[in-house]
Amino acid sequence: MFKFVVLIFVSLLAISTATNVKKCKNGQPFPLSVEIEGCAEPPCDVIKGTTAIMYVHFLGTKDNTQILSAKVHATTLGITVPYELPDDVADVCSNLMYDAICPIYETEDVVYQFNFFVDSHYPEISVAVEVSLNDENNESVACFICNVKVRKGATKPLMLE
């Protein structure tokens, strides 16, 4: 009974802080929720030279998933390009939260912390970012799209009076 109450509480907390993201166009499984720190309603502002933190809450889609990799594509002005992630970020299994580990089993409930570094060389534009978590057969376990706006950070410290 206690586990059930905790599960309900965690689910309600996830729903209340979730960012309103969209489903991917090819029918891939949609995550239970996605929370982008500091953003409830896209477009989410991402600041050049900082790391946007996303928590992707999803269910395993088949038994014994040993490898999960994050794949990112960015679309702007009608052009879609792959966005290469560093190996340590793309490795979903090493970034699972709450002591979860791979292999992941069908219907297992897990959260991936995706740390998306926004390079200072990016142009200040609006971008649709598609994030897909793919297994060892390159099949999507979870996929979502979020619109972001790349912005310049503060160039000098703010002075308090």
Side-chain angles (χ1 to χ4, degrees), residues 7 10-62 65-76 80-153:
L7 181 61
V10 169
S11 296
L12 289 174
L13 185 60
I15 290 169
S16 67
T17 60
T19 303
N20 189 16
V21 296
K22 297 185 276 188
K23 292 182 178 184
C24 292
K25 292 178 174 52
N26 294 327
Q28 299 98 318
F30 192 61
L32 297 172
S33 68
V34 175
E35 178 190 350
I36 301 173
E37 284 189 355
C39 180
E41 192 62 41
C44 298
D45 289 339
V46 294
I47 308 302
K48 292 169 35 167
T50 67
T51 300
I53 300 174
M54 304 178 192
Y55 301 98
V56 184
H57 186 188
F58 66 98
L59 292 176
T61 57
K62 61 184 175 185
T65 301
Q66 299 284 337
I67 298 170
L68 281 172
S69 300
K71 306 288 185 194
V72 176
H73 288 86
T75 302
T76 189
T80 300
V81 294
Y83 178 84
E84 293 298 319
L85 296 172
D87 290 342
D88 63 323
V89 173
D91 181 4
V92 174
C93 291
S94 68
N95 291 289
L96 293 174
M97 300 183 66
Y98 311 114
D99 296 324
I101 59 170
C102 288
I104 295 174
Y105 296 94
E106 188 171 6
T107 72
E108 185 175 354
D109 183 339
V110 291
V111 178
Y112 162 55
Q113 181 176 330
F114 176 41
N115 297 321
F116 184 69
F117 181 72
V118 183
D119 194 288
S120 59
H121 295 96
Y122 290 161
E124 295 169 35
I125 57 174
S126 295
V127 180
V129 176
E130 178 181 288
V131 179
S132 182
L133 309 183
N134 297 349
D135 66 15
E136 55 268 11
N137 298 317
N138 206 31
E139 294 175 8
S140 182
V141 172
C143 187
F144 67 94
I145 298 172
C146 184
N147 292 323
V148 301
K149 177 126 181 134
V150 179
R151 298 201 180 271
K152 186 183 339 182

About how many Å separate [atom2] of [Y] and [atom1] of [X], when rounded to the nearest 0.5 Å?
X      : Y      : atom1 : atom2 : result
Arg151 : Cys44  : CZ    : SG    : 11.5 Å
Tyr83  : His73  : OH    : NE2   : 13.0 Å
Phe30  : Leu59  : CZ    : CG    : 12.5 Å
Ser69  : Leu133 : OG    : CG    : 9.0 Å
Asn137 : Ile67  : CG    : CD1   : 9.5 Å
Asp109 : Leu32  : CG    : CG    : 6.0 Å

SG to SG, are Cys93 and Cys102 under 2.5 angstrom apart?
-> yes
A side-chain contact here means heavy atoms from C-beta on lying under 4.5 Å apart; do [X] and [Y] qualify?
X      : Y      : answer
Lys22  : Asn147 : yes
Val72  : Val129 : yes
Ile104 : Leu96  : yes
Glu139 : Thr61  : no
Pro103 : Thr65  : no
Glu130 : Lys25  : no

How are the rings of Phe116 and Phe114 set relative to one another: parallel (under 30°), tilted (30 to 60°) or perpendicular (over 60°)?
-> tilted
For residues [X] and [Y], report the shortest heavy-atom separation together with the two atoms involved.
X      : Y      : result
Tyr112 : Val89  : OH-O, 2.7 Å
Asn138 : Asn134 : OD1-ND2, 3.0 Å
Lys149 : Ser126 : CD-OG, 3.6 Å
Ala52  : Val46  : CB-CG1, 3.9 Å
Ala128 : Ile145 : CB-CG2, 4.2 Å

Begin from the C-alpha positions of Cys146 and Val34 and carry the test side-chain contact (heavy atoms from CB on, under 4.5 Å) through to its verdict.
-> CA-CA 10 Å; Cys146 184; Val34 175; over 6 Å; no
Would you please test Leu68 and Phe58 for side-chain contact (heavy atoms from CB on, under 4.5 Å) and show each step?
-> CA-CA 12 Å; Leu68 281 172; Phe58 66 98; 3.9 Å; yes
Please indicate whether Lys23 has more than 12 foreign heavy atoms, meaning atoms of other residues, nucleotides or ligands, lying under 6.0 Å from its NZ.
-> no
Test item: Ser140 side-chain N/O and Gln28 main-chain N/O as donor-acceptor pair under 3.5 Å | no
Has the side chain of Lys48 got a donor or acceptor atom that lies under 3.5 Å from a matching backbone atom of Tyr122?
-> yes
Would you please name every residue forming a disulfide (SG to SG under 2.5 Å) with Cys143, sequence neighbours left out?
-> Cys24
No-hydrogen, no-angle side-chain donor-acceptor test under 3.5 Å, Gln113 and Asn95 | no
